[in-house]
Each structure stands twice: as structure tokens, then as C-alpha cells.
> 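Here you go, one structure.
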Amino acid sequence: MPELPEVETVRAGLAPFVTGATIVAVDVRRDSVARHTPGGSAELQARLRGATIAGAVRRGKFLWLPLTFADDAPPAESLSAHLGMSGQFRVHTAADAPAPHPHCRARLHLSRAGDDLVLDFLDQRTFGYLHVEELRPTDDGFAGGQGSADALIPASVTHIGRDALDPDLDVPAALRAWRRGTRGIKQVLLDQTLVSGIGNIYADEALWRARVHPERPAQATSVATASALLEATQAVMRDALAQGGTSFDALYVNVNGQSGYFGRGLEAYGRGGEPCGRCGNALSRATIGGRASHWCGRCQRRYSPRRAAVR
DNA sequence: AGTAGCACCTGATTGC
DNA sequence: TGCAATCAGGTGCTAC
């Protein structure tokens, strides 16, 4: 499922095709893809038509394309996209574009330097969406590193924290936020308002790597442990990114739902009952906070207040 | 304020 | 065999 590394792969794959392209027409094939836009698909179509895409920017799992219009003003609006669980983008030349796939929720017709392109948004499970909205200055100095889009983020993304690979992540503040409250540490890792980009799969992987039990209360997590968790998160995401970036061809923007990184490299997620790659103990699987969770009961000790008190 | 729980949706898989 | 229940996932909303 698309988490930070997968969304970054999509962003990086999309950017060279769409930057500088003008949106000629938008064919919405399922109205719910525009459910976050107040006026629905009609407003999405009307506000996108004629816009030129200035780049592709990402924070955590949120992706957006800043838009400029004929007046040459800096981008003030964006086409925002969230892949949900199963979203994909595919790019075709207009001449080679196939009939829309049954899971195609929207087809955008683009034009750049005389070339006509088709950008399909596919989404089997329909948790993803496209949205057109204004860009807002953010008070935390976020710089997406995308030139003209610096320091502006879509209105719907303002509540999302900097992501785990953002060089400007305020690490001490992030660790403090992770160590607050009564929730289990895994639920805290999944809280996109604190540190974004971590989903169910990488949460399990990071916890396994850092040897932390998913149900350890956040407030019983030491600075050292929280710090190790953040570093494990960054390491596993960098590893995934290195593999996710390997497999795309010109017309397919890889969302990497199953292929690529998945099925290799994973030590915990989806491996309930299989031996731990570190100690050989059978990995546990249970639902925690409504999410399938996987961990090693030997390497990742459950928190015990009594043991903590003795020490 | 912080947290838990559910709705949203579809297709694959499992159970009867 | 056929149908129904279950599961998976991220986010945003509601209710405590």
C-alpha cells in the first residue's frame, strides 16, 4: 500500500511528465473521486481546465501539483491527490492511450509543447481522491524543494506533520510528540499530524528493527527508544525507496502496491507465524488499534510497569 | 484535549 | 456449488 516511499516514487515518476503541461480537459469517471471538492466533479473540472502544472510536491503520503494560470502569477492553487490504499497514476501519449481501465476514476488530458498526454488516476478501492484547492503559506517553514512551490502547501494538508524523511523535520519536537499520551507507540507512529508518511507496513517494520513492542505506551517510551524508532523508520523507508525507484518504464508511474519492494525486505509485516529473521522465534500477529500488526514476542518485549519500577 | 471507533469502498479469500 | 461473511488499507469525522 502506498506509504511515503511509494508516494515519493510516484511523485518522482510523475514530475518529468507533467511539469509544464497544461490541463486541457478532465474526464471524471466516478464522481466520488472529487468528493473533497465542495462542488464535486463539476468544480474539479472547471477549476483544473486551463491550469498549467508547475511541479510535483509531496508531504508524507500527500501529493500535489501546484497550478499556474495564464496570468503567470506564482501558484496559488493545487491539484491535490491522495492514493488511499490503491491509487495509481499512469501516463500515456494521447495517441497510445488505451480505453480507460475499469478502475480509472479520472482521466486528465494534458498538453505540453505540442505533445498531447493522458494522465489516468486509477483506484480500485476508491479511498483515494483528487482535489483542487488553494495553496496556503505554512508557518513551519516547509520547503518542498520544488522551487516555486516552496513554503506553500494545500489547505487540506496543513494539519499534516513534516514527514520522516523531510530534512527540516524538527527531530526533538517530533520525539517529544511521540512520547506523549496513553496510546500505544504504534498508533502514535501512524498519527500523520505528528510525523507523516508512516503507514501500517512501515510502522511494523520500524518497530521490529528498533525492537519495540507496538503496544508500548507512548509515555513510557524513552528518548533513546523514540530516537531509535525514528532512525529505524528513516532507514526502512530509505531502503524501500532505493528499491521502489528501480522499476518504472516511461508510461507507467509505479505505485508499487505489491511489486518491487514488497515481498522482499519485509521482516515483520505479513509474516505472522514465520520465524523472526533475528532470533527465529515465531512472529506474532494480532489486531492492534484496528490494524493488523506483526512483531516478534522475543525481540520486542511487552512493556511491564513492574519491570520498569524495579529498574 | 486526547482518544477510540466507525464509515468510506471493492475485490480476494475464507467459511458454511 | 453458491452465497455470505471477513479482511485489508488511510483518513476524517463523530462521540465519548
Side-chain angles (χ1 to χ4, degrees), chain A residues 1-11 28-38 40-41 58-64 80-89 100-106 121-131 133 153-161 163-164 176-207 214-221 233 237 240 255-263 266 268-273 285-294:
Chain A
M1 314 307 152
E3 304 182 24
L4 187 157
E6 292 74 35
V7 180
E8 173 56 20
T9 301
V10 171
R11 188 206 64 74
V28 174
R29 306 186 60 80
R30 189 185 172 107
D31 283 336
S32 67
V33 78
R35 65 190 179 278
H36 288 286
T37 304
S41 52
R58 180 191 57 74
R59 173 181 276 207
K61 308 170 197 171
F62 292 77
L63 174 66
W64 65 93
S80 307
H82 199 290
L83 302 178
M85 285 183 31
S86 53
Q88 302 181 348
F89 279 107
H101 188 277
H103 296 153
C104 178
R105 307 310 183 198
F121 180 69
L122 311 180
D123 187 18
Q124 180 203 107
R125 295 187 187 174
T126 74
F127 279 11
Y129 58 84
L130 300 180
H131 185 24
E133 58 183 330
I153 79 176
S156 68
V157 186
T158 52
H159 67 297
I160 299 299
D163 66 58
R176 258 180 273 128
W178 271 7
R179 299 178 55 234
R180 250 192 316 258
T182 55
R183 289 184 292 175
I185 192 68
K186 176 171 176 181
Q187 280 153 282
V188 170
L189 295 188
L190 293 174
D191 186 336
Q192 304 297 305
T193 69
L194 307 178
V195 175
S196 66
I198 307 169
N200 198 42
I201 294 168
Y202 293 112
D204 278 2
E205 293 303 305
L207 289 161
E215 291 179 294
R216 170 174 285 269
Q219 58 195 4
T221 304
T233 301
M237 285 184 171
V255 72
N256 208 356
Q258 259 93 33
S259 59
Y261 180 72
F262 287 74
L266 295 182
Y269 184 83
R271 297 198 57 225
R285 182 192 192 281
T287 299
I288 296 175
R291 292 276 177 266
S293 300
H294 313 75

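Because the structure is a prediction, the values reported are computed rather than measured. Labels below follow one simple rule: chain letters A, B, ... track the order of the sequence lines, proteins then strands, and each chain is numbered from 1.
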> If you pin A:T182 and A:T126 to their nearest nucleotides in DNA chain B, which one's is more 5'?
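That would be A:T182.
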> Mapping A:H294 and A:H159 to their closest nucleotides on DNA chain C, which lands nearer the 5' end?
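Closer to the 5' end of DNA chain C: A:H294.
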> Of all the nucleotides listed (C:dT11, B:dT10, C:dG12), which has the minimum atom distance to the side chain of A:R30?
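My answer, after comparing the listed nucleotides, is B:dT10.
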> In whole angstrom, what separates A:R35's CZ from C:dG12's C1'?
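Between C1' of C:dG12 and CZ of A:R35: 10 Å.
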> Side chain of A:R105, heavy atoms from C-beta onward: which of C:dG10, B:dA4, B:dT10 has the nearest atom to it?
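Among the listed nucleotides, the one closest to the side chain of A:R105 is B:dT10.
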> Should A:D123 and A:R30 count as an ion pair when the cut-off is N to O under 4.0 Å?
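Judged by the 4.0 Å cut-off on N to carboxylate O distance, A:D123 and A:R30 do not form a salt bridge.
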> Would you mind classifying the nucleic acid contact of A:R183 as base, sugar-phosphate or nothing, using non-hydrogen atoms under 4.0 angstrom?
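A:R183: backbone/sugar contact only, no base atoms under 4.0 Å.
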> Would you mind reading off the distance between A:R180 atom CZ and B:dT3 atom C1', rounded to a whole angstrom?
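Rounded to whole Å, this separation is 14 Å.
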> At their closest point, which heavy atom of A:S196 faces which heavy atom of A:G161, and how far apart are they?
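What the structure gives for the nearest pair is OG-O, 2.7 Å.
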> Can you see which heavy atom on A:H82 is nearest to which on A:F121, and at what distance?
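That closest heavy-atom pairing would be O-CZ, 3.8 Å.
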> Check every atom of C:dG12, B:dC8, C:dA8 against the side chain of A:A292 and return the nucleotide holding the closest atom.
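The answer is C:dA8, which lies nearest to the side chain.
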> Base, sugar-phosphate, or nothing for A:R291, non-hydrogen atoms under 4.0 angstrom?
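A:R291: base contact, heavy atoms under 4.0 Å.
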> Grab the CD-C1' distance between A:Q187 and C:dG10 for me, whole Å please.
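The answer, rounded to whole Å, is 14 Å.
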> For the side chain of A:H103, starting at C-beta, report the closest nucleotide among B:dG11, C:dG10, C:dG12.
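The nucleotide sitting nearest to the side chain is B:dG11.
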> Report yes if a side-chain nitrogen or oxygen of A:H82 is closer than 4.0 Å to either non-bridging phosphate oxygen (OP1 or OP2) of C:dT11; otherwise report no.
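It does, given that an N or O in the side chain of A:H82 lies less than 4.0 Å from OP1 or OP2 of C:dT11.
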> C:dG10 phosphate, OP1 or OP2: any side-chain N/O from A:Q192 under 4.0 angstrom?
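So the side-chain polar atoms of A:Q192 never come under 4.0 Å of the phosphate oxygens OP1 or OP2 of C:dG10.
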> How close or far is atom P of C:dT11 from atom CG of A:L4, stated in whole angstroms?
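Those two atoms, CG and P, are 11 Å apart.
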> Do A:L83 and A:Q88 make a side-chain contact, defined as non-hydrogen atoms from C-beta onward lying under 4.5 Å apart?
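No, every pair of side-chain atoms sits at 4.5 Å or beyond.
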> Between A:D163 (side chain) and A:G197 (backbone), is there a donor-acceptor pair under 3.5 Å?
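Absent.
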